[in-house]
Amino acid sequence: QVQLVESGGGLVQAGGSLRLACVASGRTFSGYATAWFRQAPGKEREFVARINWSGGIAYYSDSVKGRFTIDKDSAKNTVYLQMSSLKPEDTAVYYCANARYYSATYYGTHDYDSWGQGTQVTVSS
C-alpha cells in the first residue's frame, strides 16, 4: 500500500491561487493513477481531478475544469494540483488518492486504494 502525504493547503481569497502537493512516503507512484478528491463538512467526498501515470492523461470534474490543473513530477515522486480562480465553494479538505490498478471508472472513491490524510483549503469571499 502506498503512503501519501498532502501539503499546500491554506486560506486564500476568492480569485486567488493555491498549489497542493501529494508525495509518496517511502514508496514511488508505481500504480495506474493518482487523483484528488475533496470533502466539505457534512458532504460526501467528491472527485476533483486525476492523472494517469502512463501518458499523463488527465481528467477533471466539471466544477473545476478550466480552473484546476493536475500535474506529476516522476523524479520527485509528486503529484500537484494547481488551483486558480478559486471560489468559496472550493472550500474543503482535499485528499490525494492512488489507484494501483485500472478500473471501469475514475471518479469514485472505490476506484482508489490508498489515501492521504488530507489538507484543508479555505476560500473566503
Would you confirm whether [X], through its side chain, and [Y], through its main-chain N or O, come within 3.5 Å as a donor-acceptor pair?
X: D113; Y: R100; value: yes
X: Y60; Y: I70; value: yes
X: E6; Y: C22; value: no

Could you tell me if the side chain of C96 sits less than 4.5 Å from the side chain of W36, heavy atoms only?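 Result yes, sub-4.5 Å side-chain heavy-atom pair found.
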Among residues at least two apart in sequence or on other chains, which ones pass side-chain hydrogen bond (donor to acceptor under 3.5 Å, both in side chains) with [X]?
X: R19; value: none
X: Q13; value: none
X: E46; value: R38
X: S61; value: S63

Sequence neighbours left out, what pairs pass salt bridge (charged side-chain N to carboxylate O under 4.0 Å, His left out) with at least one residue falling in residues 114-125?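 Non-adjacent pairs meeting salt bridge (charged side-chain N to carboxylate O under 4.0 Å, His left out): zero.
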Residue pairs, two or more places apart or on separate chains, that pass salt bridge (charged side-chain N to carboxylate O under 4.0 Å, His left out) and touch residues 48-58: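 Sorted pair list comes back empty.
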Only counting residues at least two apart or in another chain, list the ones meeting side chain to side chain contact (heavy atoms under 4.5 Å, CB included) with [X].
X: L86; value: V12, L18, F68, M83, D90, V123
X: S74; value: W53, K72
X: S54; value: none
X: S103; value: D111

What is the distance from atom CD of Q120 to atom CG of L11, rounded to the nearest 0.5 Å?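 The CD atom of Q120 sits 9.5 Å away from the CG atom of L11.
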Report the distance from atom CD1 of I51 to atom OG1 of T69, rounding to the nearest 0.5 Å.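 Rounded to the nearest 0.5 Å, the CD1-OG1 separation comes out at 10.0 Å.
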When clusters are formed by joining ILVMFWY residues with side-chain heavy atoms under 4.5 Å apart, either directly or through shared neighbours, do F37 and Y107 land in the same one?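 They do share one cluster, since a chain of ILVMFWY contacts under 4.5 Å joins F37 to Y107.
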Looking only at heavy atoms, which two atoms of [X] and [Y] are closest? And how far apart?
X: S125; Y: A14; answer: CA-CB, 4.4 Å
X: V2; Y: A24; answer: CG1-CB, 4.1 Å
X: A21; Y: T78; answer: CB-CG2, 4.1 Å

Where at least one partner belongs to residues 73-106, residue pairs that pass ring pair (Phe, Tyr, Trp, His ring centres under 6.0 Å), sequence neighbours excluded: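 Residue pairs with at least one partner in residues 73-106: Y32-Y102, F47-Y106, Y59-Y106.
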Applying salt bridge (charged side-chain N to carboxylate O under 4.0 Å, His left out), can you list everything that pairs with K65, at least two apart in sequence or on another chain?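 Salt bridge (charged side-chain N to carboxylate O under 4.0 Å, His left out) check on K65 returns D62.
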E89 atom CD, neighbour heavy-atom count above 12 within 6.0 Å: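 Above 12, so yes.
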